[in-house]
Amino acid sequence: MENKMKNKIKELRTEYNLTQEDLAEKVGVRRETILFLEKGKYNPSLLLARNVARVFKKKIEDIFYFDD
């Protein structure tokens, strides 16, 4: 059984009024990477997860989680 990692990136982007492009620029990745993260098609590296968490001033585990 495969556990899918989920995240709250889209909700946080909306709250912070950021586009996928804005967030991608802030964390140093392409917009497509943010899109894939939001859709759960890509699990972030620890470094990327940390960078995303820093943008939103949250802990990694407050953004990325497993729904088991």
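With hydrogens and angles disregarded, a donor-acceptor distance shorter than 3.5 Å links the side chain of Thr14 to the backbone of Lys10. Asn7 contributes a side-chain N or O that, together with a main-chain N or O of Leu37, makes up a donor-acceptor pair within less than 3.5 Å.
Of the inter-residue distances, the one linking Glu15 atom CD with Asn17 atom CG reads 11.0 Å to the nearest 0.5 angstrom.
Hydrophobic clustering, with ILVMFWY side chains joined whenever heavy atoms are under 4.5 angstrom apart, keeps Tyr65 apart from Leu12. No path of Ile, Leu, Val, Met, Phe, Trp and Tyr side chains, each step under 4.5 Å between heavy atoms, connects Val52 with Leu35, placing them in separate hydrophobic clusters. There is a path of hydrophobic side-chain contacts, each under 4.5 Å, that joins Phe56 to Met5.
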Can you give each donor-acceptor pair under 3.5 Å made by side-chain atoms of residues 41-50, sequence neighbours left out, with the distance rounded to 0.1 Å?
{"unit_1": "Ser45", "atom_1": "OG", "unit_2": "Leu48", "atom_2": "N", "d": "3.0"}

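Remark: Lys8 pairs with no residue by the side-chain hydrogen bond (donor to acceptor under 3.5 Å, both in side chains) rule, at least two apart or across chains.
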Please assess Phe64 against Ile9 for the test side chain to side chain contact (heavy atoms under 4.5 Å, CB included), listing each intermediate value before the final yes or no.
-> CA-CA 8 Å; Phe64 299 95; Ile9 294 174; 3.8 Å; yes
After noting the C-alpha distance and the side-chain angles of Thr33 and Val27, does the key distance pass the side chain to side chain contact (heavy atoms under 4.5 Å, CB included) rule?
-> CA-CA 10 Å; Thr33 302; Val27 298; over 6 Å; no
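Using a 4.5 Å cut-off on side-chain heavy atoms (C-beta onward), Leu18 and Lys26 make contact.
Gln20 and Glu38 are linked by a side-chain donor-acceptor pair at a separation below 3.5 angstrom, with hydrogens and angles left out of the test.
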